[in-house]
Novice: 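The structure under discussion is supplied below as structure tokens; questions concerning it will follow.
Numbering of residues begins at 1 and proceeds along the displayed sequence.
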Amino acid sequence: MTKMPTFYISHGGGPWPWVPQLRAIFKNLEASFVQMEEDLPERPKAVVMISGHWEADQVRVMSSDAPTMEYDYSGFPPETYQIRYGAPGDPALAERIIGLLAGAGISTTPDPTQGYDHGTFVPMQIMYPDADVPLIQVSMLSSYDPAKHFEIGRALAPLRDEGVLIIGSGLSYHNMSKMNPAAKVPSAGFDAWLGETLAKAPEARTADLLNWESAPYARECHVKEDHWVPIYVAVGAAEQATATRVYHETDLLGGITASSYRFD
């Protein structure tokens, strides 16, 4: 099969595709997800998602053949707690992932109970609304250690040659106390650094990403780096690849600059 790219995406806020007012706000992000799918070299055999909404002390791999749902948000309309994204799991792929991680010395545990969180089912609803592509999640480490997440990505890299699409799902800006015009300066500064960093040669890019806290406004943009860490898996799985920006917005929610990238 053709080698698949990897992605680091901004996934937006809560269950926005099911809330008309929010869907209008995230219309550009929605268009980017549609374009992402259209630009793939072929239909993926499966999707592996590393979401900013699932972390554990040890890497966990979703292993159910029919994962449930995780409604990991609050304050939304009642119907958004009845959403069902019915993509099948892939136990055989889960075993393959566990083997790859074990081969890299990364302790991993299968998780038959974890459900799809909104960092996963939101972009997948737009990309594959028929829920007909097998989908599994791999957890982040709760340590958020950049180097260890690079290692996870490197271990998963062979999946790209097996028709598997790897997506790191977070937000390039994620400060919940400043999801408003106060984000304008810090999000723009950090986003500019991110674009410059991802344009560098692989070795320099990796070094700068590992040293991310020295970036302009780094800790103001990511007080907690749960939505930042998925980028390390996406880049680690395509470490020699070119980065291409596939989504960019400068006035989201009144001032946020946000981006998504493809690596291939």
Novice: Mind checking whether Phe76 and Trp16 have ring centres under 6.0 Å apart?
Specialist: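 Phe76 vs Trp16: aromatic centres not under 6.0 Å.
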Novice: Between Arg160 and Gly163 (side chain of the first, backbone of the second, donor and acceptor by atom type, cut-off under 3.5 Å), is there such a pair?
Specialist: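 Such a contact is absent between Arg160 side chain and Gly163 backbone.
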Novice: For residues Leu40 and Arg262, report the shortest heavy-atom separation together with the two atoms involved.
Specialist: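 Reported closest heavy-atom pair: N-NH1, 4.3 Å.
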Novice: Taking side chain as C-beta onward, heavy atoms only, is Asp264 less than 4.5 Å from Thr6?
Specialist: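 Not touching, per the 4.5 Å side-chain cut-off.
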Novice: Is the count of non-hydrogen atoms from other residues, nucleotides or ligands lying under 6.0 Å from Tyr217 atom OH greater than 12?
Specialist: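 Open.
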Novice: Same cluster or not: are Leu141 and Met62 linked, directly or through other Ile, Leu, Val, Met, Phe, Trp or Tyr residues, by side-chain heavy atoms under 4.5 angstrom apart?
Specialist: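 In one cluster: yes.
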Novice: Between Arg23 and Pro17, which heavy-atom pair has the shortest distance, and what is it?
Specialist: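 Minimum heavy-atom separation between Arg23 and Pro17: NH1-O, 3.3 Å.
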Novice: Under a 3.5 Å threshold, yes or no: a donor from one side chain and an acceptor from the other, between Tyr247 and Gln35?
Specialist: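 On atom types as modelled, these side chains do not qualify, holding no pair under 3.5 Å.
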Novice: Is a donor on one side and an acceptor on the other found under 3.5 Å between the side chain of Thr206 and the backbone of Pro202?
Specialist: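 Yes, the answer is positive, given that a donor and an acceptor are paired below the 3.5 Å cut-off.
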Novice: Quick check on Glu38: does its CD atom have over 12 non-hydrogen neighbours (other residues, nucleotides or ligands) under 6.0 Å away?
Specialist: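 Enclosed: over 12 neighbouring heavy atoms sit under 6.0 Å from CD of Glu38.
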Novice: Where do Asp132 and Arg43 land on the side-chain contact (heavy atoms from CB on, under 4.5 Å) test, with the steps shown first?
Specialist: CA-CA 11 Å; Asp132 53 356; Arg43 183 180 177 85; 2.8 Å; yes
Novice: Between Phe263 and Tyr8, is the ring centroid distance below 6.0 Å?
Specialist: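 Distance test on ring centres: not under 6.0 Å, no.
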Novice: Is the shortest side-chain heavy-atom distance between Ile83 and Pro15 below 4.5 Å?
Specialist: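 Side chain of Ile83 against side chain of Pro15, heavy atoms only: contact under 4.5 Å found.
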Novice: Tell me if the CG atom of Asp145 is crowded by more than 12 foreign heavy atoms within 6.0 Å.
Specialist: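 It does: Asp145 CG has more than 12 such atoms within range.
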Novice: With hydrophobic residues grouped by side-chain heavy-atom distances under 4.5 Å, do Ile167 and Leu209 end up in a single group?
Specialist: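 Not linked; separate clusters.
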Novice: In terms of relative ring orientation, are Tyr81 and Tyr71 parallel, tilted or perpendicular, with 30° and 60° separating the classes?
Specialist: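 Taking Tyr71 first and then Tyr81, their aromatic rings stand perpendicular (interplane angle over 60°).
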Novice: First locate atom CE of Met127, then atom CD of Glu37, and finally report the distance between them rounded to the nearest 0.5 Å.
Specialist: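 It comes to 6.0 Å.
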Novice: Is there side-chain contact between Glu55 and Tyr144, with heavy atoms separated by less than 4.5 Å?
Specialist: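 Yes. Closest side-chain heavy atoms under 4.5 Å.
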Novice: Kindly work out whether a path of hydrophobic side-chain contacts (I/L/V/M/F/W/Y, heavy atoms less than 4.5 Å apart) joins Val122 to Tyr173.
Specialist: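 Per the 4.5 Å side-chain linkage, Val122 and Tyr173 are co-clustered.
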Novice: Using distance alone, with no hydrogens and no angle criterion, decide if Glu249 and Thr257 have a side-chain donor and acceptor under 3.5 Å apart.
Specialist: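 On atom types as modelled, these side chains do not qualify, holding no pair under 3.5 Å.
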Novice: Among His53, Met49, Met69, exactly one meets side chain to side chain contact (heavy atoms under 4.5 Å, CB included) together with Asp117. Which residue is that?
Specialist: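 Testing Asp117 for a side chain to side chain contact (heavy atoms under 4.5 Å, CB included) against His53, Met49, Met69 leaves exactly one candidate, His53.
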Novice: Please tell me if the side chains of Ile231 and Tyr261 come closer than 4.5 Å, counting only heavy atoms from C-beta onward.
Specialist: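 Contact flag for Ile231/Tyr261 side chains = no.
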Novice: Does the side chain of Gln58 reach to within under 4.5 Å of the side chain of Thr108, using non-hydrogen atoms?
Specialist: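 No, side chains not in contact.
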Novice: Looking only at non-hydrogen atoms, find the nearest pair between Leu156 and Ile166 and report the distance.
Specialist: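 It is O-CD1, 3.7 Å.
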Novice: Given 3.5 Å as the limit, does a donor-acceptor pair link the side chain of Tyr73 with the main chain of Thr80, or not?
Specialist: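 Side chain of Tyr73 to backbone of Thr80: a pair is present.
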Novice: Grab the two heavy atoms, one from Ser259 and one from Ser172, that are nearest each other, plus how far apart they are.
Specialist: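 Here Ser259 and Ser172 meet closest at N-OG, 3.0 Å.
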Novice: For residues Lys184 and Thr250, report the shortest heavy-atom separation together with the two atoms involved.
Specialist: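 So the minimum-distance heavy-atom pair works out to NZ-O, 4.1 Å.
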Novice: Apply side-chain contact (heavy atoms from CB on, under 4.5 Å) to the pair Ile97 and Ile136, showing each step before the final yes or no.
Specialist: CA-CA 10 Å; Ile97 290 170; Ile136 66 175; 3.3 Å; yes
Novice: Of all heavy-atom pairs between Gly13 and Phe26, which one has the smallest distance, and what is that distance?
Specialist: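 Closest approach of Gly13 to Phe26, heavy atoms only: N-CZ, 3.4 Å.
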Novice: Is there a path from Tyr232 to Ile152 through hydrophobic residues (I, L, V, M, F, W, Y) whose side chains come within less than 4.5 Å of each other?
Specialist: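 No.
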Novice: So how far is it from Ser32 OG to Arg245 CZ, rounded to the nearest 0.5 Å?
Specialist: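 Reported value, rounded in 0.5 Å steps: 12.0 Å.
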Novice: Just do the side-chain contact (heavy atoms from CB on, under 4.5 Å) check on His174 and Glu225 with the steps written out, would you?
Specialist: CA-CA 8 Å; His174 194 253; Glu225 59 263 45; over 6 Å; no
Novice: Walk me through it: do Phe150 and Val233 pass the test side-chain contact (heavy atoms from CB on, under 4.5 Å)?
Specialist: CA-CA 5 Å; Phe150 256 120; Val233 180; over 6 Å; no
Novice: To the nearest 0.5 Å, what is the distance between CD1 (Ile50) and CZ (Phe7)?
Specialist: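 Nearest 0.5 Å value for the CD1-CZ distance: 13.0 Å.
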Novice: Say you draw a straight line from CD of Glu162 to CG of Leu93; how long is it, rounded to the nearest 0.5 Å?
Specialist: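 Result: 8.0 Å between the selected atoms.
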Novice: Within a strict 4.5 Å, meaning less than it, do heavy atoms of the Gln114 and Trp54 side chains meet?
Specialist: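 Sidechains of Trp54 and Gln114: in contact.
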Novice: Membership question, hydrophobic clusters at under 4.5 Å side-chain separation (ILVMFWY): are Val246 and Val34 in the same one?
Specialist: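 Looking at the clustering, Val246 is in the same group as Val34.
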Novice: Would you please indicate if the ring centroids of His118 and His11 are separated by under 6.0 Å?
Specialist: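 Centroid separation for His118 and His11: below 6.0 Å.
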Novice: Could you check if a side-chain atom of Lys178 sits within less than 4.5 angstrom of a side-chain atom of Glu220, using non-hydrogen atoms only?
Specialist: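 The answer is yes; the side chains approach within 4.5 Å.
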Novice: Taking the side chain as C-beta and beyond, is there a heavy-atom pair between Phe33 and Tyr128 under 4.5 Å?
Specialist: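 No; the side chains remain at least 4.5 Å from each other.
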Novice: Side chains of Thr109 and Asp111 only: does a donor on one sit below 3.5 Å from an acceptor on the other?
Specialist: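 Asp111 and Thr109 do not have a side-chain donor-acceptor pair below 3.5 Å.
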Novice: Hey, what do you get for CE (Met179) to OG (Ser187), rounding to the nearest 0.5 Å?
Specialist: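 Met179 CE to Ser187 OG: 9.5 Å, rounded to 0.5 Å.
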Novice: What distance separates Arg205 CZ from Thr242 OG1, expressed to the nearest 0.5 Å?
Specialist: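 Separation between the atoms: 7.5 Å.
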